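Index from 1, following the sequence. What you see is a predicted model, and the numbers here were worked out from it, not measured in a lab.
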Amino acid sequence: MLRLTGLPLQIIASVLAIGVFAATMWLWPRFGGRTWKAWLGRIGAFLATQIAVLVAMGLIANGYFGFYSSWTDLLGTNGGPGTVVDQQPNAAVAVTGEQKFYAQQGSNPERVGLIHKVAVKGAVSGLSTDGFVYLPPQYFQPEYAHRKFPMALVLAGYPGTPEKLISLMKYPASTLEAIEQQKLPPTVLVMMRPTLVSNRDTECVDVPNGPQVETFFTSDLPKALATTYRLGTDPANRAVIGNSTGGYCALKFALRKPDSYRAAVSLSGYYTAPIDETTGDLFGGNGQLKQENDLLWRLRNTPAAPVSLLLGTAHDENNYAATQDMVKSFKSPTKLSTITLDTGGHNFHTWTREIPPALEWLGKHLTMPQAA
């Protein structure tokens, strides 16, 4: 069956819509007159054209924005309220599901990898969240059975979901391609959203007397995942990449906690946390804490961190001017690179253009753990 979000179905629907419209134009003279047959013909042709066009537009919009990921999701037949999974006591990471990853090479994990759905609980922060872990094909190959792998944390924007990182932004597919082209070492992806507390946009801040989101991502998460998967524990084995809010978080983790992540990629990210109705009071009136979470201020006023940063922007994007200020302000040993598109907006289409070169950049700044 054709996938609901697949390009072939969108092409077929578009061709049918054009065909129905052309047929309506061709047959319209036959529907002249005031007989009931003529009236039914005109109404039928009109409705058929409208429905065909709306279906084609709906499929294209759904494929782009990812409203429904499958036919069962659209029809509401995907299995009821869910399944209860019994967890181990105090387990930091629980694998709650598994889905095959399909590519041109098939679905064998040794050829294309595998995706786990996980629930992660932070030992220090007390926070927990769901996400997805993409294990590359090498993870299942005998020659890598005793090897550890680098990890790249992938963060969505706000209020994005980790599912869109797979279906819409196609991180696993792009990662597999980069690994096969030897532009990226075999890397484990950890795909999550930056929002851990209901729908509050915490901007990955350790909120005074509130959720300790930065602690979760920089301390709890790497330690928890290393107990479940064969991951390197050196900061050079870890990177973080994100778009929009996720991009801001990525840069902040590297600049504020270089012992957690040594490389960070920001796609259309900003450089200071906004304060609005979705965030609430992030800093509790603490001006120093607010300043320390301003990335441009950090580059200008604090000792340079030994990290590598990649900033993605476009000449007509809102963060272009601020990105140029970031470029002018960094100093050694911080390393800074940029991707600047001729034109691009704050949207998925822009980010999917930036992901392949960003992964290639990561391949030069993410270190494969030493063999045992």
Show the numbers, then the answer: is there a ring pair (Phe, Tyr, Trp, His ring centres under 6.0 Å) between Phe149 and Tyr139?
CA-CA 8 Å; Phe149 293 81; Tyr139 197 90; 5.3 Å; yes
Going by heavy atoms in the side chains, are [X] and [Y] under 4.5 Å from each other?
{"X": "Thr367", "Y": "Asp234", "answer": "no"}
{"X": "Arg262", "Y": "His365", "answer": "no"}
{"X": "Phe216", "Y": "Thr129", "answer": "yes"}
{"X": "Leu311", "Y": "Ile339", "answer": "no"}
{"X": "Leu231", "Y": "Asn237", "answer": "no"}
{"X": "Leu221", "Y": "Met192", "answer": "yes"}
{"X": "Asn293", "Y": "Thr272", "answer": "no"}

Can you name the closest pair of heavy atoms from [X] and [Y] and give their distance?
{"X": "Asp130", "Y": "Ala119", "answer": "OD1-CB, 3.5 Å"}
{"X": "Pro194", "Y": "Thr245", "answer": "CG-CG2, 4.1 Å"}
{"X": "Met368", "Y": "Pro186", "answer": "SD-O, 4.0 Å"}
{"X": "Thr334", "Y": "Ala304", "answer": "OG1-CB, 3.7 Å"}

Hey, could you give me the [atom1]/[atom2] distance between [X] and [Y], rounded to the nearest 0.5 Å?
{"X": "Ile18", "Y": "Thr49", "atom1": "CD1", "atom2": "OG1", "result": "12.5 Å"}
{"X": "Gln181", "Y": "Leu176", "atom1": "CD", "atom2": "CG", "result": "9.5 Å"}
{"X": "Glu177", "Y": "Leu184", "atom1": "CD", "atom2": "CG", "result": "11.5 Å"}
{"X": "Ile166", "Y": "Leu168", "atom1": "CD1", "atom2": "CG", "result": "11.5 Å"}

In this structure, is the centre-to-centre distance between the rings of [Y] and [X] below 6.0 Å?
{"X": "Tyr248", "Y": "Tyr271", "value": "no"}
{"X": "Phe101", "Y": "Tyr134", "value": "yes"}
{"X": "Phe253", "Y": "Phe217", "value": "yes"}
{"X": "His116", "Y": "Phe132", "value": "no"}

If we ignore hydrogens and angles and just use 3.5 Å, is the side chain of Asn286 paired with the main-chain N or O of Leu289 as donor and acceptor?
yes
When you check the side-chain N and O atoms of [X] and [Y], is any donor under 3.5 Å from an acceptor?
{"X": "Thr279", "Y": "Asp201", "value": "no"}
{"X": "Arg300", "Y": "Ser329", "value": "yes"}
{"X": "Thr215", "Y": "Asp206", "value": "yes"}
{"X": "His346", "Y": "Ser244", "value": "yes"}
{"X": "Tyr270", "Y": "Glu203", "value": "yes"}

Among Leu54, Val55, Val53, which one satisfies side chain to side chain contact (heavy atoms under 4.5 Å, CB included) with Ile51?
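Exactly one option meets the side chain to side chain contact (heavy atoms under 4.5 Å, CB included) with Ile51, and it is Val55.
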Might you confirm whether atom CG of Asp342 has over 12 heavy atoms from other residues, nucleotides or ligands at distances under 6.0 Å?
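Counting other residues, nucleotides and ligands, CG of Asp342 stays at 12 neighbours or fewer.
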Trp28 atom CH2: more than 12 heavy-atom contacts under 6.0 Å
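Yes.
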In sequence, state the C-alpha distance, the side-chain angles, and the governing distance for Ser268 and Asn243, and then conclude on side chain to side chain donor-acceptor pair (under 3.5 Å).
CA-CA 6 Å; Ser268 300; Asn243 58 274; over 6 Å; no
